[in-house]
Protein chains: 2
Amino acid sequence: MTISRPKPNPRSKTRARLLDVCRDLFNERGPDSVTTAQIAATAGMNEGNLYYHFQRKEQLLEALFDAFESAVQQTAGAPGEAPELIRDYLAGWFRTMWEWRFFYRDGAAIFRLAPNLRARLQTLSNEGQGLVDQALQQMCEAGFMSPLSPAERAMLITNAWIVSAYWIDYLRAGRGVTEITLDHIAWGARQVMHIFLPYLTQAGRSLAGLEL
Amino acid sequence: MTISRPKPNPRSKTRARLLDVCRDLFNERGPDSVTTAQIAATAGMNEGNLYYHFQRKEQLLEALFDAFESAVQQTAGAPGEAPELIRDYLAGWFRTMWEWRFFYRDGAAIFRLAPNLRARLQTLSNEGQGLVDQALQQMCEAGFMSPLSPAERAMLITNAWIVSAYWIDYLRAGRGVTEITLDHIAWGARQVMHIFLPYLTQAGRSLAGLEL
DNA sequence: GTCTATAATGAGATAGAC
DNA sequence: GTCTATCTCATTATAGAC
C-alpha cells in the first residue's frame with residue numbers, strides 16, 4: 001500500500017492565492033501557454049511549493065472549474081421567478097463569461113489537460129440552457145414575446161448561447177481586438193439581444209430597454 | 001554570409017502528402033497535440049525528412065493557411081452576382097469550415113505557433129464578411145429580404161458569422177458531440193438560416209427553400 | 001530526397017532538507 | 001508549508017551518411 005503524503009489544507013490562503021493568480025494568467029494567455037513555473041513565480045513562491053498544493057496541473061484546472069461552476073449557477077439563476085430586466089440578466093452572463101473567459105476560449109487545451117472536465121462542462125451547459133429556456137417561456141406567457149414553439153425556443157437559445165460563449169474569442173480572432181474592455185462586453189450583450197429582437201412584443205421591447 | 005541549404009521543391013509530391021496528412025491530424029486533434037514525429041510517421045517517412053521540407057512546425061501551419069485562404073475566397077465568392085440559393089451558399093461555407101475546422105477551433109494554439117497568421121486570419125475574416133454583406137444587400141434589393149440599414153446588416157452578419165465559425169466547437173464543447181457528421185453540418189446551416197428568417201420576405205423564404 | 005543518429009530545450013513532476 | 005535540487009520525458013530541430 002502507498003504511503004500518502006500529508007494533505008494540504010483545502011482552505012489554505014496560499015492555495016486560494018495560487019488559484020487567483022492562475023485564473024488571471026489563464027484568462028490572459030491560456031492554460032497551455034502558462035507554465036507551472038510562471039504560476040508559482042507570479043504567486044511569489046517556488047514551483048515545489050505549488051506542487052505541494054496541486055500535485056498536477058490538471059488539479060489546478062479542476063479546482064478552478066469548481067469555482068466557475070458556482071459562478072455560472074449563480075448567474076443563470078439570477079432572474080429568479082420574475083425576470084425583471086433582460087438587459088441586466090444578459091449583462092450578468094457576460095460579466096461571468098468575462099471573468100472566466102479561458103473556459104470559453106480554450107476548450108481544446110483544457111480537455112487535453114483535464115479530460116474529466118469534458119462531462120462536467122457539458123452538464124453545466126445543459127443546465128444553463130435549461131434555465132434560459134424557462135426564462136424565455138415565462139417571457140412568452142407574460143406577453144413580452146410572441147408565443148414560441150419549443151423547437152423555436154431551442155433554435156433561439158442555441159444561437160444566443162453560441163454568440164455569448166464565443167463572443168470574446170470572436171473579438172480576438174475575427175476583429176483583432178487585443179484588449180477587451182467593458183464596452184466590448186456591452187456590445188456582445190447587444191448582439192445577443194438582437195437575436196431575440198424580432199420576437200419581442202412592444203411590451204417586451206420596453207422591458208428590455210430597447211424602445212427608441 | 002550564411003550558406004543556404006538546397007531548397008525543397010515547392011511542388012513536390014512528398015510535400016503535398018505531408019500537408020494532407022497534417023491537415024487530417026490537425027483537424028482531428030489540434031496542432032499542439034500533434035507532434036512532428038507523428039506527422040512524419042503517418043506520412044510514412046522519417047522525421048528528418050519532414051524537416052527537409054518544413055524547417056519549422058510553423059511553416060507547416062503557414063503552408064496550410066495558404067490553402068485555407070484559397071478555399072475561403074472561393075467559397076465566399078461562390079454566389080457571384082446573382083445568388084441563387086441561400087441554402088447552397090451556406091452549405092458551401094459549412095463544408096469549407098468542416099474541411100479546415102482546426103483553423104476555427106484552435107486559434108490560440110495556432111497564433112502561438114505561427115504568430116504572423118494572426119493578421120492574415122483577420123484580413124480573411126474581414127474580406128469574408130464584406131462579401132457576405134454584398135450578398136445580403138443584393139437580397140434586399142431583389143426583394144427577398146425586407147430593407148435593412150447598414151447597422152442592421154452588420155449585426156446580422158456578425159451573429160451569423162459567429163454561429164458559423166464556432167458551430168463545430170459548440171457541438172463538441174456544449175453538446176458533447178465527438179464525431180461530427182454531415183447531419184451536424186446541415187443542422188449548423190439551419191441554425192444560421194434561422195438568424196435571417198425573420199427578415200426574409202415570402203419570396204425570400206421560397207428562395208431559401210424554407211416555405212412549409 | 002530520405003534516412004540515422006543525436007543535440008537542445010523546456011515542461012511537468014518528485015525527493016528530501018529546512 | 002516552503003524551499004533547492006534533480007529527474008524524466010516529449011518535442012523541436014540539426015548534422016551528416018546514404
Side-chain angles (χ1 to χ4, degrees), chain A residues 2-22 25-26 29-64 106 108-117, chain B residues 2-22 25-26 28-64 106 108-116:
Chain A
T2 317
I3 294 164
S4 58
R5 68 183 69 196
K7 293 231 173 83
N9 176 359
R11 303 214 182 291
S12 116
K13 269 199 159 176
T14 311
R15 187 188 145 95
R17 188 156 48 91
L18 277 169
L19 288 175
D20 265 15
V21 159
C22 200
L25 289 175
F26 284 1
R29 310 202 326 263
D32 63 18
S33 293
V34 175
T35 68
T36 49
Q38 290 168 334
I39 297 165
T42 310
M45 78 186 62
N46 191 279
E47 212 179 338
N49 192 21
L50 183 155
Y51 274 94
Y52 168 76
H53 291 280
F54 301 93
Q55 281 86 351
R56 332 207 142 268
K57 200 179 181 183
E58 183 181 1
Q59 291 174 7
L60 278 165
L61 276 167
E62 285 168 355
L64 286 172
D106 301 317
I110 289 164
F111 294 152
R112 191 162 44 76
L113 279 143
N116 66 320
L117 288 189
Chain B
T2 318
I3 294 163
S4 58
R5 67 183 69 197
K7 292 231 175 87
N9 176 358
R11 303 214 183 290
S12 118
K13 271 199 158 176
T14 311
R15 187 190 146 96
R17 189 155 48 90
L18 277 169
L19 288 174
D20 265 16
V21 158
C22 201
L25 289 175
F26 284 1
E28 259 177 63
R29 308 197 331 256
D32 64 16
S33 293
V34 174
T35 67
T36 49
Q38 290 167 334
I39 297 165
T42 309
M45 79 187 59
N46 191 280
E47 214 179 336
N49 191 21
L50 183 155
Y51 275 96
Y52 168 74
H53 291 280
F54 301 95
Q55 281 87 349
R56 331 206 142 266
K57 201 179 181 182
E58 184 180 1
Q59 291 174 6
L60 277 165
L61 275 167
E62 285 168 356
L64 286 171
D106 302 316
I110 288 164
F111 294 152
R112 192 161 44 77
L113 279 145
N116 65 320

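Note that the structure is a prediction, hence the values are computed from the model and not measured. Throughout, protein chains are lettered first and strands after them, A, B, ... in sequence-line order, and every chain is numbered starting at 1.
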Query raised in the report: Whole Å only: how far is the NZ atom of B/Lys57 from the P atom of D/dA13?
Result: 9 Å
Report task. Round to the nearest Å and state the distance from A/Arg112 atom CZ to C/dA11 atom C1'. Result -> 12 Å
**Report entry** Length of the line joining B/Tyr52:OH and C/dT4:P, which is rounded to integer Å
**Finding:** 18 Å
Query raised in the report: When rounded to the nearest 0.5 angstrom, what distance separates CG in B/Leu60 from CG in B/Leu113?
Result: 10.0 Å
Query raised in the report: Expressed in angstrom and rounded to an integer, what is the separation of B/Asn46 atom CG from D/dT14 atom P?
Result: 15 Å
Requested in this report: Ignoring backbone atoms, test whether A/Thr14 places a side-chain nitrogen or oxygen under 4.0 Å from the OP1 or OP2 oxygen of D/dT2.
Outcome: yes
Query raised in the report: Between A/Gln55 (CD) and C/dT14 (P), how many Å, whole number?
Result: 8 Å
Query raised in the report: So, do A/Leu117 and A/Glu58 sit near enough that their side-chain heavy atoms are less than 4.5 Å apart?
Result: no
Query raised in the report: Which of the following nucleotides, C/dG12, D/dT11, C/dG1, is nearest to the side chain of B/His53?
Result: C/dG1
Report summary line: Ranking C/dA11, D/dT12, D/dG1 by distance to the side chain of B/Thr35, first place goes to D/dT12
Query raised in the report: Counting just side-chain N and O atoms, does A/Arg56 come under 4.0 Å of either OP1 or OP2 of C/dG12?
Result: no
Query raised in the report: Which residue, B/Asn49 or A/Thr36, contacts DNA chain C at a nucleotide closer to its 5' end, judged by nearest heavy atom?
Result: B/Asn49
Report task. Whole angstrom is fine here: how far is it from CZ in B/Arg15 over to P in C/dT2? Result -> 13 Å
Report summary line: When rounded to the nearest 0.5 Å, the distance separating OH of B/Tyr52 from OG of B/Ser12 is 8.0 Å
**Report entry** Nucleotide D/dT12, atom C1' - distance to CZ of B/Phe54 in whole Å
**Finding:** 16 Å
Query raised in the report: For the atom pair NE2 (A/His53) and OG1 (A/Thr14), what is the distance rounded to the nearest 0.5 Å?
Result: 4.5 Å
Report summary line: From OH of A/Tyr51 across to C1' of D/dC7 the rounded distance in Å is 13 Å
